[in-house]
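Accompanying notes for the structure given below.
Note that this is a predicted model, so its numbers are computed, not measured. Lettering of chains follows the sequences in order, A, B, ..., and the numbering in each one begins at 1.
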Amino acid sequence: MSENMQGLKRTHYCTEVSKELIGQEVVVTGWVQRRRNLGQLLFITLRDRTGLLQLAFGEQTQEQLFEKAERLRSEFVIVAQGIVRSRGADVNHSMATGDIEIEVTELRILSEAETTPFEIVENSDVKDELRLKYRYLDLRRPDMQHNIILRSKVAGSVRRFLETNGFLEIETPMLTKSTPEGARDYLVPSRVHPENFYALPQSPQIFKQLLMVSGYDRYFQIVKCFRDEDLRADRQPEFTQIDIEMSFVDVEDIISMNEKLIQQVFKETMDMNIELPIQRLTYQEAMDRYGSDKPDVRFGVELVDLTQTLTNCGFAVFENAINGGGTIRAINAKGMGDLGRKQIDALVKYGQDYGAKGVAWLQIKADGTEKSSFTKFLSEEIVSQIKEKMNATGDDLIMIVADKPNVVFATLGALRLEVARRLELTQKSDYKFVWVTDFPLLEYDEEAGRYVAMHHPFTMPKEEDLHLMDSEPSKVRAQAYDLCLNGYELGGGSLRIYQQDIQEKMFQLLGFDKETAYERFGFLLNAFKYGTPPHGGIAFGLDRIVMLMTQSDSIRDVIAFPKVKDASCLMTDAPNVVDVKQLEELHISTIEPKQASEDVE
RNA sequence: GGCCCAGUGGUACAGUUGGUUAGCACGCCGCCCUGUCACGGCGGAGGUCGAGGGUUCGAGUCCCUUCUGGGUCGCCA
């Protein structure tokens with residue numbers, strides 16, 4: 001029979017009880033972490049979100065109370081009243097409250113608990129599947145509580161900084177209009193409008209721009225966004241953005257404001273100092289040096305251009321790549337000079353997952369001898385040129401990819417990261433930020449047979465590239481920027497187009513006629529007719545920021561109730577089948593059950 | 001949609017070239033124990049080895065299919 005708290009009120013969280021309170025009466029609440037019954041003496045470790053506290057039952061304890069304490073089991077919820085006392089010499093140094101305990105005078109069992117499917121301890125090694133099914137228990141674990149609490153602190157720090165700097169927090173709709181550009185939308189059927197659908201926002205992009213038109217000048221929102229795409233360790237179908245927009249600013253204003261934001265958040269929540277200004281790379285530099293637009297700059301192993309050296313060495317693969325508009329680049333994995341053939345082949349295979357047809361390699365062992373996948377095309381002169389360019393001094397594995405630039409960058413960029421993992425070149429506790437700027441405005445979509453916006457259709461081109469919009473659209477750079485940390489994109493943004501003529505040109509390049517553009521974004525284009533300030537902004541992925549802060553491997557570990565790989569929720573079983581009546585109200589016909597068998601044969 | 005990894009009492013793991021009764025730790029239950037804190041001691045319960053099929057005298061182990069979870073490519077303006 002469970003009891004209630006009537007007449008008792010919590011006076012302290014577990015770790016707020018300290019030796020300053022010795023002799024005083026306190027009331028504490030929480031979950032039973034552990035019971036240690038020594039016969040005539042019994043200890044309970046009590047846990048709440050602040051930590052652990054020991055309760056003691058001994059010779060002064062009334063018999064009835066002691067018997068009640070003996071009934072306690074792990075995860076029972078209790079309230080205990082008692083006197084704080086010193087533990088004397090028996091201090092537990094691994095516990096924040098290890099020098100004191102509560103001599104309990106009253107105990108109430110508020111809720112009993114069945115044996116949990118896994119133990120509620122830090123760093124437990126339970127399968128994700130089980131953790132997520134019993135997420136409410138997983139969230140009791142101290143490391144998860146730390147993550148979720150830190151997340152709240154980060155959000156608080158963001159709000160304080162932005163409010164101090166004149167930003168207004170304004171909410172935008174969750175039920176909005178589908179925008180077929182970009183990611184797939186989650187759709188919500190309308191009951192009132194048969195065959196019509198709302199979409200959940202992929203981001204509040206257009207609304208925040210409208211708020212600039214409306215004169216709010218500085219906006220922010222910590223907001224859920226939805227994208228119906230496949231999941232990854234750092235991607236969930238619903239995720240949280242720190243969404244920011246500013247008026248009457250240029251790229252420098254936005255970057256400097258936002259690096260101050262990041263600096264303050266890391267200082268307040270991690271006590272970590274970030275030196276400003278944060279390093280910057282142009283997109284082109286990032287690709288050339290790291291093979292990635294979200295480079296991990298904690299280590300070297302940079303890409304080197306070997307096009308000049310190798311085009312005419314006689315190896316047809318290289319020659320064909322160059323004739324096909326390609327390039328030849330390489331990385332040098334120092335410390336892999338004695339890697340065996342099997343392991344090299346594994347690296348080659350790894351690289352092929354990223355699109356390269358092959359990876360040529362040249363190994364220079366510690367003793368100076370060479371081994372290569374294309375020995376017969378390597379004259380002494382070419383080898384020495386490669387050695388010089390790759391700074392090879394022995395114990396090197398040079399991996400070379402010849403292909404179209406995007407394939408070369410993707411492959412070597414991925415191999416570079418794989419090399420770093422194998423050689424353990426990075427530490428999670430090391431944080432290196434970098435801004436990547438001057439992204440291309442457009443990229444060519446082979447499948448659609450047209451240009452698509454790399455960022456979004458409202459991204460402002462660089463002034464000096466405007467003249468290229470007609471002649472060489474692929475060369476136009478955007479006033480767009482991403483903030484990257486340790487190989488993750490933390491956030492990105494741009495200056496927006498606010499001039500009618502440039503916007504029209506942009507739509508033209510994207511292959512929208514005026515009607516299509518108005519059908520999709522008419523409310524924005526109309527709004528721009530009534531006085532639009534120059535504006536721009538950025539959006540940060542809150543989940544990723546906290547993931548990196550907590551050194552987690554997945555954003556699942558910093559989201560209270562995340563979804564699994566197929567976007568379902570193991571705890572609630574969402575998504576689920578709904579009542580036929582609900583469907584009828586929404587004018588959705590029920591799905592016919594699939595014909596059993598036959599369709600294969 | 002493709003590729004890769006994993007699945008063995010409640011949990012985490014071990015299980016040899018296929019061989020008799022599937023092993024260990026933690027947890028759980030009971031008894032004992034006055035300073036424990038990963039308490040200790042003694043005893044006990046708990047498994048259709050993810051599922052289905054196949055090979056075999058015999059399958060946790062080999063093969064096929066499938067389910068579940070994870071990673072990743074595609075995808076993610």
Classify [X] by what it touches in the nucleic acid, base, sugar-phosphate, or nothing, heavy-atom distance under 4.0 Å.
X	value
A/R131	nothing
A/T115	sugar-phosphate
A/S203	base
A/D228	nothing
A/D125	sugar-phosphate
A/D230	base
A/R232	base
A/L570	sugar-phosphate
A/Q205	base
A/N92	base
A/R87	base
A/R496	nothing

(message) Just N and O in the side chain of A/K127: are any of them under 4.0 Å from OP1 or OP2 of B/A12?
(response) yes

(message) If the cut-off is 4.0 Å, is A/R36 near the phosphate of B/C33, judged by side-chain N/O to OP1 or OP2?
(response) no

Determine the Euclidean distance between corresponding [atom1] atoms of [M] and [N]; express it in Å to zero decimal places.
N	M	atom1	result
B/C63	B/G18	P	11 Å
B/U56	B/G2	C1'	35 Å
B/A59	B/C37	C1'	46 Å
B/U48	B/A12	P	16 Å
B/C4	B/C42	P	49 Å
B/C3	B/C49	C1'	27 Å
B/A14	B/C64	P	23 Å
B/G41	B/G27	P	11 Å

(request) Can you establish whether the number of heavy atoms outside A/R421 located under 6.0 Å from its atom CZ is more than 12? (result) yes

Could you give the [atom1]-to-[atom2] distance, from [X] to [N], as a whole number of Å?
X	N	atom1	atom2	value
A/E114	B/C29	CD	P	12 Å
A/L130	B/G7	CG	P	16 Å
A/M95	B/G35	CE	P	18 Å
A/E418	B/C73	CD	P	12 Å
A/K565	B/C73	NZ	C1'	10 Å
A/K563	B/G69	NZ	C1'	17 Å
A/D234	B/U72	CG	C1'	11 Å
A/R35	B/G35	CZ	P	18 Å

Return the pairing partner of [N] with a 3.5 Å limit on both distances, Watson-Crick or G-U wobble; otherwise return none.
N	answer
B/G40	B/C32
B/G69	B/C5
B/A59	none
B/G46	none

(message) Quick check: any donor-acceptor pair below 3.5 Å linking the side-chain of A/R85 to the base of B/G35?
(response) yes

(request) Using only heavy-atom distances, decide whether a donor-acceptor pair under 3.5 angstrom links the side-chain of A/E101 to the base of B/G35. (result) yes

(request) Check for a donor-acceptor pair, side chain of A/T550 on one end and backbone N or O of A/M547 on the other, with a separation under 3.5 Å. (result) yes

(request) Look only at the side chain of A/R135 and the backbone of A/A560, and say whether a donor-acceptor pair between them is shorter than 3.5 Å. (result) yes

(message) Return whichever of A/R34 or A/E119 has its heavy-atom-nearest nucleotide of RNA chain B closer to the 5' end.
(response) A/E119

(request) Could you say whether A/L38 or A/R235 is positioned toward the 5' end of RNA chain B, judged by the nucleotide with the nearest heavy atom to each? (result) A/L38

(message) As a test of understanding, state which of A/V32, A/L52, A/L53 forms a side chain to side chain contact (heavy atoms under 4.5 Å, CB included) with A/R47.
(response) A/L52

(message) Which residue is it: A/D345, A/V348, A/I344? I am looking for the one with a side chain to side chain contact (heavy atoms under 4.5 Å, CB included) to A/V359.
(response) A/V348

(message) Run the side chain to side chain contact (heavy atoms under 4.5 Å, CB included) test on A/I559 and A/V546 for me, step by step, so that the C-alpha distance in whole Å, both residues' side-chain angles and the decisive distance to 0.1 Å come before the verdict.
(response) CA-CA 9 Å; A/I559 295 172; A/V546 182; over 6 Å; no

(message) Could you check whether A/R227 makes a cation-pi contact with A/F239, meaning its NZ or CZ is under 6.0 Å from the centre of the six-membered ring and within 45° of the ring axis?
(response) no

(request) Determine, answering yes or no, if A/F43 is stacked on B/U36 under the 5.5 Å centre rule and the 30° plane rule. (result) yes

(request) Can you measure from CD (A/Q54) to OG1 (A/T97) and round to the nearest 0.5 angstrom? (result) 8.0 Å

